Structure formats: C-alpha cells, structure tokens
Student: 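Next up is a structure, given as structure tokens.
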Amino acid sequence: MSEFGWASTTDEVLAGKDLSGRTVFITGANSGLGQETARAMAARGADVILAGRDQGKLDESVAAIHAENAKAQLETITVDLTSLENIRAATSRARQRFHKIDILINNAGVMATPFTHTHDGFEMQFGTNHLGHFALTAELMPLIERGHLKRIINLSSRGHFMGPVHFEDPHFQHRPYDPRSSYGQSKTANVLFTVGLEARYAVLGIHAYAVHPGGIQTNLGRHMTPEMQEALMKRVTTSDGGFQWKTIPQGAATSCWAATAPELEGKGGVYCEDCHVAEVDDESSVAGVRSYALNPSFADQLWKLSEEATGAKFPS
Ligand SMILES: NC(=O)c1ccc[n+]([C@@H]2O[C@H](COP(=O)([O-])OP(=O)(O)OC[C@H]3O[C@@H](n4cnc5c(N)ncnc54)[C@H](OP(=O)(O)O)[C@@H]3O)[C@@H](O)[C@H]2O)c1
C-alpha cells in the first residue's frame, strides 16, 4: 500500500530519495507536468534531459528551474513527436550525447486537437501521444538497457474511459472525427503500450507504468473551445461530485512515484493514479482502469499496428 495519495506532491513523494547519478529523460518538459517533474527530479540530484519541440521554450524551462536551483543538472534536446524523421534524428543525437537513461518519462501530449495530421499522415492525437512515443522509445531502448533503474512511465489519462483503440480505423479515415474520442483512444493506447513493454522487456529488468495524473490546469486545454471546456467541466463535476483540480506539483506526483517507488519494482504493466496502482473497473466514472486498456491481446495488436505504422524496431 502506498503511503501517498491524491494530494501528495512531487517533493513529498521524492523526499529523502537520492537520484544523483540517475539520468531522467522527459518529453514535453517545457510545460506543465513535464517541467514540474524535471524540477522535482533535479532537486533530488538527477541529471535531467528535458525534451521538447522548441529550443526557446526548453531554454525558458531550464532558466525557471535554475532560478530556484542553480545546481540542477539539466540538458535539453529538441524532438518533435509529429515527425518520424525528426524523432530518428533526435534519438540518434541522444545516443551520441548520453550514455544511459535510467527513467524515461513519455509525458508530452496534445488534447482535443482539430482534425489534423502529423507529418507522416497519422491523426494528430494518436500520432503524437502514442505513435510518436512508440518510435521514440524504440530508438532510446539501447540507452534504457544501459540504465540502472530501467523504468518507462507513459502519461495516460482517465480520458481512456472514452473508449478502446479502434483498430479498424485508428486515424478516423472512415468515421466522423471526434476530438474527445480521439484523445481517449490515444490515452488507452498509452496504457496498452505500457502492457506491451512490460510483456516484452520485464525479462531484461525494464518495467513500464502508465499514469493518470489527475485534473490539472496546464496548457493542455489550449485546443478546446469555451464550449468544449464548459462541457468537460459539466461532465467531470456531474460524474465526480467532489471534483477538484490538483495543483501542478500534485499532478506530477504520480509520475514521480511510479518512477521511483521501491514497492513497484518488478511490478510494471499497471496503471497508476493518486500515487497507487489503480484497480480494474469497467463501471466507475471517477477511478480505476478499464479492462480493455490492460488487455494483453489488444496490447499485441497495438504493438503490431505501431511497428507497421512507424517502421520502428524494438531490440529483440
Ligand atoms: N493536465 C491534465 O489535467 C491531464 C490529465 C490527464 C492526463 N494528462 C497528460 O499529462 C501529460 C502532460 O500534459 P500537461 O497537462 O502538462 O500539458 P501541457 O502543459 O500542454 O504540456 C504538454 C507538453 O507536450 C509537448 N508536446 C506537445 N506536442 C508535442 C510534439 N509534437 N513534440 C514534442 N512535444 C510535444 C508540449 O510542447 P509545446 O509547449 O511545444 O506544445 C508540452 O511541453 C499529457 O500526456 C496529458 O495527456 C494531463
């Protein structure tokens, strides 16, 4: 049983932990939960690699963290998850610049984008949130294999309740586009990817954890119209009478917990929320993980689809 919960913060979860000599690679580290995760991990002595698609924003994030902690060990790397070519180039640079990765946090994400496509023709949310991270992780595996902690954290969301991955039409080519179900599909894919990683790499001591951070006000809502925001608030407050926003340090706490909790060692392939492993629940609208998101045969189906779509090859 975890000693932490809904209101725990990054600093509370990491208190007393020594991360010196550990390398943490975080995508989307120039904003919101990613930046806070970077700050908190660096405060415990980790060498943090902040990945993002805009060098200027990464520099601002580094400056903000350094303003509080001048000794923070921070590196930056640009990677745009909407381009396989860019991901391959960025990870090739990463393999030259860095010796190992102890913890990979696949945190970047977009939500409720209009019907747009990545450079490779993938629907934007599935392409960025899942396929981009699938390709990135494959290319970073040699560094993770050299790490000591060997944990991969995939940021999912309670949004995965919106539905399973639509294997026949993941890119909405033959059905009307819906920004909510597209986000939900991509966040279910984040959990299934976690299950797929655990099935293949637990034997090498590499473990994967999916995380729902809670509801936190960040830049994630930038693509939502005022009507969409109003509808979302109505939904969450109706389904969860006690709905409350978390602060950013509370939101990033479950990522930090999943990345470091000793009680999770060897126990990946799970979905975590509020600093504990969630129960399977196909009814609740306020907690738990849907069984379709942990289904091993869906995880295999997604793995195959993702390999074919991206051409990414994981080491066997
Ligand atoms: N906030 C919540 O309530 C909530 C709830 C459930 C799950 N989550 C998940 O938590 C994660 C972090 O979200 P957040 O709330 O911190 O949102 P955020 O403040 O919008 O941060 C998202 C990050 O992802 C980056 N990103 C987006 N597209 C990218 C791309 N193509 N290539 C590289 N980086 C890209 C963004 O970079 P730019 O600044 O360049 O766009 C930004 O750094 C997401 O995976 C989200 O789905 C959040």
Side-chain angles (χ1 to χ4, degrees), residues 10 25-39 49-62 64 76-87 89-91 105-113 116-120 122-133 135-136 153-162 179-180 182-191 193-194 210-224 229 232-233 235-236 240 243-256 258 271-274 278 289:
T10 43
F25 188 111
I26 308 174
T27 66
N30 60 274
S31 175
L33 307 180
Q35 180 174 332
E36 169 59 13
T37 305
R39 180 205 67 74
I49 303 164
L50 294 90
R53 56 181 155 177
D54 181 317
Q55 187 61 50
K57 288 188 193 173
L58 286 168
D59 290 344
E60 281 174 28
S61 186
V62 165
T76 60
I77 189 159
T78 51
V79 59
D80 183 348
L81 293 162
T82 64
S83 159
L84 292 172
E85 191 184 340
N86 189 290
I87 292 168
T91 48
I105 306 191
N106 287 324
N107 162 87
V110 285
M111 179 175 76
T113 46
T116 46
H117 294 86
T118 69
H119 292 274
D120 303 284
F122 308 141
E123 183 281 315
M124 186 60 74
Q125 300 187 73
F126 190 62
T128 306
N129 299 353
H130 170 60
L131 291 173
H133 280 123
L136 178 94
I153 312 303
N154 294 317
L155 268 283
S156 175
S157 168
R158 186 165 299 151
H160 86 273
F161 284 10
M162 284 182 263
R180 280 184 59 218
S182 161
Y183 182 68
Q185 164 177 266
S186 75
K187 292 288 133 180
T188 296
N190 295 146
V191 191
F193 179 38
T194 304
V211 163
H212 167 58
I216 310 101
Q217 288 175 301
T218 62
N219 290 324
L220 193 66
R222 78 185 97 164
H223 296 290
M224 295 178 92
Q229 285 180 4
L232 171 69
M233 283 318 294
R235 258 194 327 275
V236 292
D240 180 359
F243 176 79
Q244 253 189 296
W245 293 106
K246 288 188 179 185
T247 64
I248 290 181
Q250 289 171 336
T254 302
S255 298
C256 291
Y271 171 99
C272 306
E273 61 185 344
D274 298 338
V289 56

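None of these values were measured; they are calculated from a predicted model. Both counts, for ligands and for their atoms, begin at 1 and track the order of listing.
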Student: What are the two closest non-hydrogen atoms of Ala189 and Phe126, and how far apart are they?
Tutor: CB-CE1, 3.9 Å
Student: Give the contacting part of Leu220 toward ligand 1: side chain, backbone, both or neither, where contact means a heavy-atom distance below 4.0 Å.
Tutor: both
Student: In terms of atom number and element, which parts of ligand 1 are under 4.0 angstrom from non-hydrogen atoms of Leu155?
Tutor: 10 (O), 45 (O)
Student: Polar-atom distance check: Leu81 versus ligand 1, any N or O pair below 3.5 Å?
Tutor: yes
Student: If you compare all heavy atoms of Ser182 against all heavy atoms of Glu123, which two are closest, and at what distance to 0.1 Å?
Tutor: OG-OE1, 2.9 Å
Student: So, for Met124 and Thr82, which heavy atoms are closest and what is the spacing to 0.1 Å?
Tutor: SD-CG2, 3.7 Å
Student: Tell me every residue that passes salt bridge (charged side-chain N to carboxylate O under 4.0 Å, His left out) with Glu273, counting only those two or more places apart in sequence or in another chain.
Tutor: Arg158
Student: Under the side-chain contact (heavy atoms from CB on, under 4.5 Å) rule, collect the residues that match up with Met162, sequence neighbours excluded.
Tutor: Arg180, Tyr183
Student: Pick, from Ala51, Pro213, Ala90, the option with the minimum heavy-atom distance to atom 8 (N) of ligand 1.
Tutor: Pro213
Student: Which residue and atom name correspond to the protein heavy atom nearest atom 33 (C) of ligand 1, and how close is it?
Tutor: Val79 O, 3.4 Å
Student: Can you check side-chain contact (heavy atoms from CB on, under 4.5 Å) on His119 and Leu84, steps first, answer last?
Tutor: CA-CA 8 Å; His119 292 274; Leu84 292 172; over 6 Å; no
Student: side-chain contact (heavy atoms from CB on, under 4.5 Å) with Val211: which of Leu155, Asn107, Leu33?
Tutor: Leu155
Student: What are the atoms of ligand 1, with element, lying closer than 4.0 Å to any heavy atom of Val110?
Tutor: 27 (C), 28 (N)
Student: Students often mix this up, so state it plainly: with edges at 30° and 60°, are the rings of Tyr271 and His212 parallel, tilted or perpendicular?
Tutor: parallel
Student: Looking only at protein heavy atoms, which one is nearest to atom 26 (N) of ligand 1, and what is the separation?
Tutor: Ala108 CB, 3.8 Å
Student: Go through the steps to decide whether Gln125 and Thr128 satisfy the test side-chain contact (heavy atoms from CB on, under 4.5 Å), and finish with yes or no.
Tutor: CA-CA 5 Å; Gln125 300 187 73; Thr128 306; over 6 Å; no
Student: What is the closest protein heavy atom to atom 21 (O) of ligand 1, and at what distance does it sit?
Tutor: Ser31 OG, 3.6 Å
Student: Restricting to non-hydrogen atoms, name the atom on Asn219 and the atom on Ser31 that form the minimum distance, rounded to 0.1 Å.
Tutor: ND2-OG, 3.1 Å
Student: Between ligand 1 and Gly28, is the shortest N or O to N or O distance under 3.5 Å?
Tutor: yes
Student: Could you find the nearest protein heavy atom to atom 16 (O) of ligand 1 and give me its residue, atom name and distance?
Tutor: Leu33 N, 2.8 Å
Student: Suppose I only count heavy atoms of Thr82 and a 4.0 Å limit; which atoms of ligand 1 are within that range?
Tutor: 31 (N)
Student: Mind checking whether Lys187 contacts ligand 1 via backbone (N, CA, C, O), side chain (CB onward), both or neither, at a 4.0 Å heavy-atom cut-off?
Tutor: side chain
Student: Indicate yes or no: at least one non-hydrogen side-chain atom of His133 is less than 4.5 angstrom from one of Leu136.
Tutor: yes
Student: Counting only nitrogen or oxygen atoms and a 3.5 angstrom limit, does Gly215 reach ligand 1?
Tutor: no
Student: Once rounded to the nearest 0.5 Å, what's the spacing between atom CD1 of Ile216 and atom CD1 of Ile248?
Tutor: 8.0 Å
Student: Who gets closest to atom 4 (C) of ligand 1 by heavy atom: Ser157, Gly214, Gly32?
Tutor: Gly214
Student: Among Asn107, Asn190, Thr78, which one has a heavy atom closest to atom 45 (O) of ligand 1?
Tutor: Asn107
Student: Considering non-hydrogen atoms of the protein only, which is the closest contact for atom 37 (O) of ligand 1, and what is the distance?
Tutor: Asn30 OD1, 3.6 Å
Student: Is His212 in polar range of ligand 1, meaning some N or O pair under 3.5 Å apart?
Tutor: no
Student: What do you reckon, does Asp80 have a nitrogen or oxygen under 3.5 Å from a nitrogen or oxygen of ligand 1?
Tutor: yes
Student: Do Cys256 and Thr37 have side chains that get closer than 4.5 Å, going by heavy atoms?
Tutor: yes
Student: Tell me: protein heavy atom nearest atom 22 (C) of ligand 1, and distance?
Tutor: Gly109 O, 3.6 Å
Student: Do the side chains of Arg39 and Glu36 get close enough for a salt bridge, i.e. N-O under 4.0 angstrom?
Tutor: yes
Student: Mind checking whether Lys57 contacts ligand 1 via backbone (N, CA, C, O), side chain (CB onward), both or neither, at a 4.0 Å heavy-atom cut-off?
Tutor: side chain
Student: Do any nitrogen or oxygen atoms of Ile216 lie less than 3.5 angstrom from nitrogen or oxygen atoms of ligand 1?
Tutor: yes
Student: Quick test: of every protein heavy atom, which one is nearest to atom 47 (O) of ligand 1, and how far off is it to 0.1 Å?
Tutor: Tyr183 OH, 2.7 Å
Student: Write out the residue and atom name of the closest protein heavy atom to atom 7 (C) of ligand 1, then the distance separating them to 0.1 Å.
Tutor: Ser156 O, 3.1 Å
Student: Checking contacts here: is it the side chain or the backbone of Arg222 that comes within 4.0 Å of ligand 1, counting heavy atoms only? Could be both or neither.
Tutor: side chain
